**Q** 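Here it is: the structure, laid out below.
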Number of protein chains: 4
Amino acid sequence: MATKTLNVGMIGYGFMGRAHSNAYKQVGQFFPSDHKVVLKAACARDEAKAKAFAAQWGYESIETDWRKLIARPDIDVVDICTPNNLHKEIAIAAAKAGKMILCEKPLSMNVAEGEEMVAAVEAAGVANMVWYNYRRIPAVTLAKKLIDEGRLGKIFHYRAKFLQDWTIKADLPQGGQGLWRLDVAVAGSGVSGDLLAHCIDTAIWLNGPMKDVTCLTETFVKERLHNLTGKVEAVGIDDACLFLGRFANGSLANFESTRYARGHKAAYTLEINGEDMSIFWDLHDLHRLQVFDYKDEAKIRGWKSIHVTDNSPDHPYMANWWVPGLAIGYDASFTHQVADFIAGLESGTPAGPTFRDALETQRVLDAILASAKSHQWVNV
Amino acid sequence: MATKTLNVGMIGYGFMGRAHSNAYKQVGQFFPSDHKVVLKAACARDEAKAKAFAAQWGYESIETDWRKLIARPDIDVVDICTPNNLHKEIAIAAAKAGKMILCEKPLSMNVAEGEEMVAAVEAAGVANMVWYNYRRIPAVTLAKKLIDEGRLGKIFHYRAKFLQDWTIKADLPQGGQGLWRLDVAVAGSGVSGDLLAHCIDTAIWLNGPMKDVTCLTETFVKERLHNLTGKVEAVGIDDACLFLGRFANGSLANFESTRYARGHKAAYTLEINGEDMSIFWDLHDLHRLQVFDYKDEAKIRGWKSIHVTDNSPDHPYMANWWVPGLAIGYDASFTHQVADFIAGLESGTPAGPTFRDALETQRVLDAILASAKSHQWVNV
Amino acid sequence: MATKTLNVGMIGYGFMGRAHSNAYKQVGQFFPSDHKVVLKAACARDEAKAKAFAAQWGYESIETDWRKLIARPDIDVVDICTPNNLHKEIAIAAAKAGKMILCEKPLSMNVAEGEEMVAAVEAAGVANMVWYNYRRIPAVTLAKKLIDEGRLGKIFHYRAKFLQDWTIKADLPQGGQGLWRLDVAVAGSGVSGDLLAHCIDTAIWLNGPMKDVTCLTETFVKERLHNLTGKVEAVGIDDACLFLGRFANGSLANFESTRYARGHKAAYTLEINGEDMSIFWDLHDLHRLQVFDYKDEAKIRGWKSIHVTDNSPDHPYMANWWVPGLAIGYDASFTHQVADFIAGLESGTPAGPTFRDALETQRVLDAILASAKSHQWVNV
Amino acid sequence: MATKTLNVGMIGYGFMGRAHSNAYKQVGQFFPSDHKVVLKAACARDEAKAKAFAAQWGYESIETDWRKLIARPDIDVVDICTPNNLHKEIAIAAAKAGKMILCEKPLSMNVAEGEEMVAAVEAAGVANMVWYNYRRIPAVTLAKKLIDEGRLGKIFHYRAKFLQDWTIKADLPQGGQGLWRLDVAVAGSGVSGDLLAHCIDTAIWLNGPMKDVTCLTETFVKERLHNLTGKVEAVGIDDACLFLGRFANGSLANFESTRYARGHKAAYTLEINGEDMSIFWDLHDLHRLQVFDYKDEAKIRGWKSIHVTDNSPDHPYMANWWVPGLAIGYDASFTHQVADFIAGLESGTPAGPTFRDALETQRVLDAILASAKSHQWVNV
């Protein structure tokens with residue numbers, strides 16, 4: 001039975017605000033612990049929107065200024081669900097106020113910002129985490145376990161793709177509500193920061209740091225109407241971003257992301273080829289981990305489609321849900337992340353990715369964008 | 001904003017008690033309506049278990065006698081999550097008390113019980129529903145829409161299977177907590193009532209009533225230790241149940257369920273072959289509806305794998321969740337069912353399956369078990 | 001180097017005449033042996049067609065009367081590729097003439113005919129075989145090996161389907177060139193003899209004899225223009241045939257075939273569920289054997305997709321073809337069958353299915369059609 | 001009926017010698033034309049091997065010196081199936097002798113050699129072709145048709161991979177029979193010339209010329225025993241080769257090949273993302289073309305799995321084989337290529353890829369290897 005409370009102050013009310021709120025509400029039922037999560041306050045500049053969001057999700061109060069939220073003594077955790085260009089300022093202020101911080105990904109607009117943020121949370125000694133939620137899809141977590149057990153042997157190749165198709169239309173505007181991801185001033189970059197950031201975070205977690213990269217970016221639609229200015233403006237983001245590189249362990253990287261891959265909605269796939277085992281995962285079929293085990297008998301060796309839904313410790317997180325064969329959703333990865341964050345508080349071993357972990361992803365992002373610009377190989 | 005409350009009294013705290021509770025908690029966030037669901041009371045014979053369940057899920061109070069729960073004026077809806085042999089008595093009492101009733105499937109132990117239950121709820125004029133949740137998996141709901149739009153043309157074949165493998169071990173006991181599904185006195189039947197009931201409900205919904213059947217059942221393990229008596233006793237349930245038959249519309253039925261299909265966890269699959277279109281669905285990949293459209297151009301005709309995750313009205317329920325490509329879980333089907341139940345209350349058009357609808361499934365179940373016994377074709 | 005010749009006399013020139021001829025031509029290159037196959041004579045009633053076929057495929061001579069072909073002393077093997085209603089007469093005559101016989105499936109129109117044919121070849125002591133070619137798809141042959149090695153353990157379930165959709169049009173005529181399979185007088189039955197015969201042959205080979213059955217057949221289109229009479233006549237064949245039953249080993253059978261399953265071209269699938277292992281195969285992806293091995297470690301247990309293309313003895317027949325990953329065609333199964341027939345001649349251990357083996361399939365076919373007629377369970 | 005002969009002189013007797021010979025033998029049966037292919041002479045330095053090969057495949061005569069073969073007046077076509085380092089010399093000599101030439105891929109060791117070869121065949125005016133057989137897999141040919149019909153719209157992305165795993169063992173030697181592909185002096189390069197060459201040929205055919213590239217290669221095992229010298233020697237080939245680049249039409253390229261991708265035998269996959277349609281193909285399931293058609297109705301839009309086996313003109317080449325649903329093998333792609341070569345002779349429009357076409361692939365190969373060496377972007 002929970003004996004402590006964890007009062008959450010949520011900044012933002014969009015897609016991620018909803019996903020995180022759902023996780024806060026579910027965690028106590030599926031992953032009971034000593035901590036009870038309380039939805040204390042929801043913060044948005046627009047008061048009506050803040051009120052509606054608070055009412056729908058059960059937040060006890062609202063704020064319209066994030067500085068006031070941070071100043072409140074009854075807030076333990078600040079959850080930053082704003083567009084990317086606000087992460088730094090809010091995070092540093094929250095750290096100074098001694099709040100725990102859960103920040104949406106990517107950590108920051110660039111390495112420089114990220115370094116400031118890391119310095120701030122470490123100076124303040126506050127718990128911190130970045131919402132790279134795909135680490136907590138059970139099939140991905142199982143992949144991590146297989147790697148940590150040494151089952152893959154020497155790694156030769158790591159491939160990751162994140163393909164979408166929702167911006168293939170010349171008349172889609174940029175900027176403003178729901179479209180800030182197309183506005184470079186707010187998002188910082190295009191698919192690299194939005195989608196490849198996920199791929200890179202998982203890759204570093206599974207396969208260690210990257211060494212160097214060569215990158216190609218493209219902006220297929222050069223100008224779009226800007227919702228905030230009402231003018232047609234140059235598009236500053238990368239619509240597509242592809243890079244090759246090397247990991248420190250000698251394996252080769254092939255990464256690609258685009259919003260111009262017709263037929264793909266959110267096709268995050270990853271494949272790792274090791275001497276003894278290869279694994280493959282696809283977000284569109286998120287419960288399936290494909291494993292090729294070279295140690296299997298040759299006669300019946302093949303790619304195994306593991307439906308990671310057993311309610312046993314073999315399948316991470318699943319013992320807390322339903323019965324074998326029954327799926328959980330994308331949303332559950334957030335519930336797992338909150339559960340792990342709390343477990344980290346209770347055990348004293350912080351769950352990752354911390355701000356410091358997430359800074360490594362920013363280093364790769366900066367390197368690839370520099371390479372795309374210079375047409376040179378760039379060290380991470 | 002919700003202006004009315006719907007106070008739920010939950011009887012039971014097992015797998016289904018958890019699934020329904022999660023749905024009650026989620027529905028207001030994802031499918032806001034005029035009704036606010038309140039978890040009013042949880043009921044279980046064992047007080048400690050009732051308390052623990054109430055605490056974990058947020059029920060305001062507990063009861064240890066379902067008759068007391070039903071008698072409470074502050075309960076609007078009774079949710080029956082007990083084993084099958086208690087459905088009838090509770091439902092009839094709840095109806096008499098004027099409560100709305102949400103009953104776990106199958107409706108009853110047999111047709112005779114089911115008829116009494118239907119009579120009771122209809123006499124009382126209370127809203128009622130049975131938790132055949134698979135109707136509310138978005139891909140299955142989409143299948144229903146395609147059929148209702150007449151896209152399949154004349155139907156020739158309907159095939160359904162529900163395959164599991166969890167009882168393949170001679171030393172698994174029967175009866176008691178978690179194993180009552182193996183005890184014929186409590187469950188009424190084996191895979192027929194537990195698994196085929198789902199397949200039959202969906203089939204009648206999608207393809208209309210059945211006419212006649214020939215059935216084969218098998219009990220592979222003849223005796224098992226009974227947890228309640230401590231003795232090895234004959235196993236009375238069907239471990240496997242297969243039947244062929246005809247629907248009223250002239251199409252042919254092939255249904256099969258078993259708990260002895262090694263490699264299958266909860267493999268509910270259905271396929272319908274129509275003159276113009278065929279469809280296929282598999283619970284293990286619950287977001288994918290496979291569609292073969294004969295009206296497609298011959299050159300590029302093939303089975304389409306539709307990832308039913310668009311957040312648009314094209315994909316049922318999904319506009320209320322995340323963004324295209326991102327999965328929801330098995331659990332969401334219950335959330336949808338509560339949402340539809342409430343919408344039925346608000347619109348005056350009750351959402352199905354009502355008790356009367358579910359009685360049709362009981363008729364098929366009785367017919368197949370009679371056929372298995374008599375080795376004759378039996379009319380439904 | 002081949003030192004003996006095997007002179008083939010081919011009766012028929014249709015789909016199967018071509019498939020067998022291709023096999024005769026290929027076998028010496030891919031499966032060299034002591035026997036050289038010689039395409040000695042092609043026989044068809046229509047002289048022009050016989051000549052054209054012989055010229056295209058390299059037959060040295062032609063006949064227009066199968067009795068003359070059988071009488072020729074330079075013919076060693078008679079290959080019967082005629083419609084089903086001629087199998088018996090030709091086979092018995094060929095046996096009396098001392099010829100080896102390779103007969104297209106099904107062996108005969110019914111059990112009575114089949115018994116006469118078996119008696120004839122056994123009395124004559126001539127080598128004989130029926131073209132149930134699917135036994136020689138490498139993935140299916142591998143399945144047989146796994147079963148013979150006892151890997152599946154006790155078998156609980158055997159499922160087979162053969163689904164097509166090519167007769168879904170009311171204006172398709174019956175009878176005559178290319179459409180004799182719709183004419184009951186010539187074909188003997190519909191999908192049962194044409195398609196289920198394959199499924200039954202494989203099943204008996206893999207899982208042993210069947211005991212009893214209950215069957216349902218349907219003729220969706222009741223009348224069709226008859227090409228030979230020019231009149232609309234009743235359709236006598238089964239368009240769909242489904243049956244349940246028991247094998248002698250206690251496992252349950254679920255078989256289905258139809259030509260009204262929109263979206264399926266030649267979807268022969270089979271699945272066997274054993275206590276320790278399950279296997280699945282689909283003719284549309286003929287190189288893939290799906291295997292679920294319960295003895296795999298729980299954490300990474302899943303269905304394995306084995307691409308049966310290794311050029312090693314692990315993968316039957318494949319060492320004689322290309323390199324790993326590269327597919328052979330449906331046609332290769334016939335090449336393998338000729339290779340095995342020759343190996344049987346050379347070793348003295350005849351390759352199956354012999355006429356006697358194929359008679360068992362006829363017994364099941366007669367039983368299911370009797371059951372469909374009587375609406376009773378029928379013993380095989 | 002064939003009225004002309006095409007006398008083939010085959011140089012080489014390995015994997016490709018067998019594949020081409022099978023095609024020469026089959027073409028007359030499946031793709032009858034005015035030309036009858038005659039297996040006139042097989043040439044190999046080792047007389048015993050030449051004799052054995054000729055006997056098995058039915059070549060009428062043998063030669064042990066390719067110069068003599070070329071000098072024979074009864075040879076119309078020279079088929080070069082030697083290792084790569086001999087292509088140029090033989091091809092130029094054959095051209096001078098006025099022979100038609102079918103040359104194994106890659107055309108040459110590099111662009112310089114290729115240019116000499118193109119000059120030679122064009123000066124001599126002899127028919128010429130390179131065995132990039134994957135163009136003639138029916139699913140790939142269908143892809144070409146869809147593109148030529150303009151169905152894909154503007155192309156954004158082209159991805160191709162060719163993954164194998166057969167050299168993942170440090171003790172595998174290099175050089176000599178069966179292993180010359182590991183010997184840079186004979187093969188010219190590693191996976192780039194062996195595997196990526198196929199991907200590049202298909203890409204140029206489907207998507208037009210490439211503009212510039214950045215490439216990464218790796219040799220995982222640095223030294224191997226050399227079979228010809230008996231010494232451990234440095235490995236000169238690329239074990240893995242990845243490159244990014246741009247096509248002239250503005251689409252982005254992502255290509256990768258390796259022999260260190262555990263679990264992949266011959267995994268040639270390609271995907272093209274166009275504004276209106278995307279397509280995907282995988283050699284391991286060679287009959288399936290996956291197509292996503294954005295013009296499909298949104299409600300039932302998804303990737304279609306087209307089983308390219310209809311015996312109609314809709315599915316290239318398939319009308320000449322079996323019936324819908326029945327696969328042909330990898331080998332058939334060579335049969336198709338011979339059929340197209342002959343059709344080119346008869347129509348006067350040469351079938352591709354000619355030497356000149358194949359030279360474009362060499363230009364890309366040279367560019368990527370130069371980029372891998374210089375760590376710079378290189379123009380093709």
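Proteins come first, then strands; the chains are lettered A, B, ... in the order of their sequence lines, and each starts at number 1. We use all heavy atoms of the structure for the numbers below, so side chains are in, but hydrogens, waters and symmetry mates are not. Since the structure is predicted, the reported quantities are computational estimates derived from the model, not experimental observations.
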**Q** Give the member of D:A267, D:A332, D:G325 that has the highest number of heavy-atom pairs under 4.5 Å with chain C.
**A** D:G325
**Q** If you count heavy-atom pairs within less than 4.5 Å of chain D, which of C:Q29, C:K36, C:Q164, C:H264 leads?
**A** C:Q29
**Q** Would you mind telling me which of D:W321, D:Y268, D:W166 has the largest number of heavy-atom pairs within less than 4.5 Å of chain C?
**A** D:W321
**Q** Thinking salt bridges, do D:R301 and D:E297 make one under a 4.0 Å N-O criterion?
**A** no
**Q** Taking NZ, NE, NH1 and NH2 as the nitrogens, is one of them in D:D201 or D:R135 under 4.0 Å from a carboxylate oxygen of the other?
**A** yes
**Q** I'd like to know whether the aromatic ring centres of D:F30 and D:H336 sit less than 6.0 Å apart in this structure.
**A** no
**Q** Give a yes or no on whether a salt bridge exists between D:D165 and D:R259, defined as a side-chain N under 4.0 angstrom from a carboxylate O.
**A** no
**Q** Is chain D contacted by the side chain of C:L286, its backbone, both, or neither, given a heavy-atom distance below 4.5 Å?
**A** side chain
**Q** Does C:K105 come within less than 4.0 Å of C:D194, counting only side-chain N to carboxylate O?
**A** yes
**Q** Counting distance only, does the side-chain N/O of C:D285 pair as donor-acceptor with the main-chain N or O of C:R288 below 3.5 Å?
**A** no
**Q** Which residues, numbered in order, of residues 14-28 of chain C come under 4.5 angstrom of chain D by heavy-atom distance?
**A** C:F15, C:R18, C:A19, C:N22, C:K25, C:Q26, C:G28
**Q** With chain C, which of D:L283, D:T309, D:V323 has the greatest number of heavy-atom pairs at distances under 4.5 Å?
**A** D:V323
**Q** Counting N and O atoms only, with roles assigned by atom type, does the side chain of D:D282 sit under 3.5 Å from a partner on the main chain of D:T269, one being a donor and the other an acceptor?
**A** no
**Q** Please check this pair: side chain of C:H307 against backbone of D:H284, looking for a donor-acceptor N/O pair closer than 3.5 Å.
**A** yes
